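Here's the structure, in structure tokens; my notes come after.
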Amino acid sequence: METTKSAKFYITTPIYYVNARPHIGHTYTTMVCDAIARRHRLLGHDTFFLTGTDEHGQKIERSAAAAGKSPQQFADEISGEFRALWDRLGISYDKFIRTTSREHKRGTQEMFKLLEERGYIYKGSYSGQYCVFDELYVDVNTPGAPCPECGRPTETVREENYFFKLSAMEEPLLKLYTENPNFIRPETRRNEVIAFVRGGLRDLSVSRTTFQWGIPVPGDPAHVIYVWLDALCNYITAMGFGSPDAKDQAQFKHYWPADVHMVGKEIVRFHCVYWPAFLMAAGLPLPKGIVAHGWLLFEESKMSKSRGNIVRSETILEVLGADALRYFLMREIVFGQDGSFSFDALVQRYNADLANGLGNLASRTLSMITRYFKGEVPYPSHDLSRSTNPPLTDRAVFEVSLAETVISNFNAKFDEFNFSGALAEVWSLIAAVDKYIVENEPWTLAEKRDEESKARLATVLYNSAEALRIVTALAHPVIPDATARIWSQLGLGEIGKLRLQELKWGQLAIGTKLGKVEAVFPRADKSAIERMQQLEQEGRTQTPVAAPATAPAQPAAQPPASAAPAATAPQAAAANSESPTITIEDFMKIDLRVAQVKFAERVKGADKLLRLEIDLGGETRQIVAGIAKSYTPEQLIGRKIVVVANLAPRKLRGLESKGMLLAATLGDGEPVLAGFLEEVAPGAKLK
Ligand code: ME8
């Protein structure tokens with residue numbers, strides 16, 4: 001990363017919409033940025049880490065209405081949850097920006113005025129399709145046509161709007177991408193953006209009049225500023241752009257441009273096309289780089305509120321702690337690619353790498369020093385080891401060939417955003433030290449009384465402790481809490497004082513007095529998985545479901561079959577008088593049919609799921625439903641049920657579910673299947 005040379009480093013996460021509660025997808029981006037920010041601080045850089053919430057727009061306005069709250073009250077609550085969660089997870093943000101704050105509103109209006117003054121904004125009329133879920137103008141002509149991004153039906157917008165001359169930015173943008181190969185990373189995203197811009201850019205509508213929840217256009221308050229222009233400005237308004245205060249202006253000048261805007265791959269276009277176009281038009285410096293990561297998948301599809309397949313960070317925090325989640329996300333997911341989350345994989349990684357790996361190395365090394373050398377780092381007698389035919393030459397193993405290679409490889413990989421590779425380097429050193437300890441058997445050396453054995457024991461334990469120090473220093477940005485504890489057990493005080501660029505082999509001072517030795521990662525047993533699954537289930541039933549951004553009739557916004565029992569109760573609560581109305585055409589899109597259960601069985605390893613084979617009137621299908629706690633397979637065979645037959649198929653525990661059964665939900669979350677008193681043939685349509 002070129003930025004490591006500069007004295008300042010400014011990194012941002014996207015600002016998260018407040019229509020949904022935080023889940024581990026949001027946590028992923030935030031934790032990655034946190035680790036990068038922490039590393040830059042340890043490198044002595046003047047670091048600024050920004051995160052926050054995106055609170056305006058039609059989607060939020062509708063969600064608030066569905067929850068029976070004012071948009072501000074609604075935004076305050078969910079924004080507060082994001083912030084509280086980041087605090088619980090130990091996210092070291094320097095500022096949490098809210099787009100409903102006065103400073104942001106003022107700065108965004110200043111940006112709008114600047115664009116207008118520089119001739120990039122004009123008034124025109126817009127007629128076309130809009131996706132409220134993505135807050136995106138969509139290039140399709142048919143009313144109700146699906147959004148190419150998310151598949152939800154678009155809404156027709158006919159308004160007099162302000163337009164931004166995006167078309168004028170085509171050439172400057174292409175020049176920017178060509179001259180700065182690192183402006184968009186990874187390469188695949190860069191290529192997609194270049195192809196998109198080469199395909200031609202049309203002017204962009206940057207105001208709306210049909211709803212109120214936004215920042216008024218300066219001088220024309222019937223219009224609110226387009227939510228993406230509003231949201232993107234957070235990166236500059238948070239630093240003081242648009243403020244009359246000289247201190248704020250100085251801060252903006254100091255930190256802007258950002259070194260890294262970290263985003264999920266679905267919002268690359270907004271950040272790599274619109275944002276630099278706005279900045280160029282305003283005559284402001286451009287960010288140095290936009291880095292896009294892939295999606296966290298759960299049960300094989302993108303974790304998202306509308307799919308109902310989210311995992312909450314609080315669950316993992318409670319059972320395994322924040323470091324376990326941080327380590328898992330950065331080690332297991334290949335950065336830039338999509339990656340799956342599962343509780344099984346989390347616990348496996350936790351046990352293998354943290355409990356048995358780092359945790360074990362720390363406790364065995366530190367306890368042996370405590371026991372054999374009264375808790376003081378012993379003198380490493382390298383030369384003795386040579387003369388006594390040791391199993392391994394200590395100097396060669398650690399000082400040159402391994403520890404220092406690991407340090408330099410780790411640095412290179414981390415700075416290329418290859419976090420998984422960087423951590424694998426560190427864990428290769430842990431594995432080597434483990435092997436070294438086993439082969440040298442310090443416990444046997446300790447039983448011998450001769451001087452030579454004592455000297456070797458000192459060497460082996462010094463080398464182990466020094467390797468532990470290096471591992472701890474490198475891993476600190478990723479697992480800050482446990483490493484801070486190991487650091488102080490090593491007798492080294494406050495880990496924040498470490499300067500990473502000075503880290504090298506041999507700095508552990510002889511005679512350093514160890515602190516109190518305590519285990520940092522207790523082993524997790526199988527009950528940890530069950531506990532997390534149970535907490536998730538409880539969390540799902542408690543989480544109020546915000547209204548879908550679009551009419552709720554389309555399949556993508558429906559809760560999946562497995563979530564049916566959990567999702568129905570809160571949805572029913574939200575669905576009373578505040579539910580948005582839908583047209584008969586919307587309703588007709590749902591293919592509701594009677595089906596007969598031909599076969600039912602429990603899904604192995606999932607105590608809530610049943611696999612059903614159903615007859616839909618000549619067609620046999622498989623669906624997977626989360627009703628195993630209330631119905632046995634035997635109770636279901638032969639029974640008539642109602643299913644949504646045209647729901648997009650999805651996989652649950654590797655099994656394809658083609659449809660969703662309907663059930664009412666009792667107060668305690670128990671599902672009750674919909675059915676008929678009269679005889680109805682399988683396949684009959686409900687309307
Ligand atoms: O898009 N996997 O907000 P948002 C990985 N407000 N990352 C995920 C994820 C998943 N399953 N789900 C969410 C918005 N994320 C706008 C941004 S910025 C000026 C405005 C993360 O609440 C990821 O970083 O939909 C993604 O880009 C972001 O949350 C989307 O958050």
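From a predicted model like this one, the values you see are computed outputs, not experimental measurements. Both ligands and their constituent atoms are indexed starting at 1 by order of listing.
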Q) For atom 17 (C) of ligand 1, what's the nearest protein heavy atom and its distance? A) I15 O, 3.2 Å
Q | Cation-aromatic face contact R269/Y274, 6.0 Å, 45 degrees | A | no
Q: Establish, for the pair K8 and F48, whether the NZ or CZ atom is under 6.0 angstrom from the six-membered ring centre and no further than 45 degrees off its axis.
A: no
Q) Which of the numbered atoms in ligand 1 are below 4.0 angstrom from a heavy atom of D54? A) 6 (N), 16 (C), 20 (C)
Q | For ligand 1, the portion of H271 having any non-hydrogen atom under 4.0 Å away | A | side chain
Q: Find out whether the Lys NZ or Arg CZ of R152 is both under 6.0 angstrom from the six-membered ring centre of F133 and within 45° of the ring's axis.
A: yes
Q.
Among all the protein's non-hydrogen atoms, which is closest to atom 31 (O) of ligand 1, and how far away is it?
A. Y16 CD2, 3.6 Å
Q) Taking non-hydrogen atoms only, is F270 closer than 4.0 angstrom to ligand 1 via side chain, backbone, both or neither? A) neither
Q: Would you check if the distance from the ring center of F278 to the ring center of F164 is below 6.0 Å?
A: yes
Q) What part of M262, side chain from CB on, backbone N/CA/C/O, both or neither, has a heavy atom under 4.0 Å from ligand 1? A) neither
Q.
Evaluate V263 for polar contact with ligand 1, using N/O atom pairs at a separation under 3.5 Å.
A. no
Q. Can you tell me the protein heavy atom closest to atom 27 (O) of ligand 1 and the distance?
A. E266 OE2, 2.7 Å
Q: Report the nearest protein non-hydrogen atom to atom 3 (O) of ligand 1: residue, atom name, distance rounded to 0.1 Å.
A: Y17 CD1, 3.3 Å
(Q) Taking a cutoff of less than 4.0 Å between a non-hydrogen atom of the residue and any ligand atom, is W228 in contact with ligand 1? (A) yes
**Q.** Over-ring placement of R208 relative to Y130, 6.0 Å and 45° cut-offs
**A.** yes
(Q) If the threshold is 4.0 Å, N to carboxylate O, is there a salt bridge linking K302 and D338? (A) no
(Q) Can a side-chain donor-acceptor contact be found between R98 and S79 if the only test is distance below 3.5 angstrom? (A) yes
Q: Determine whether any heavy atom of G294 lies closer than 4.0 Å to an atom of ligand 1.
A: yes
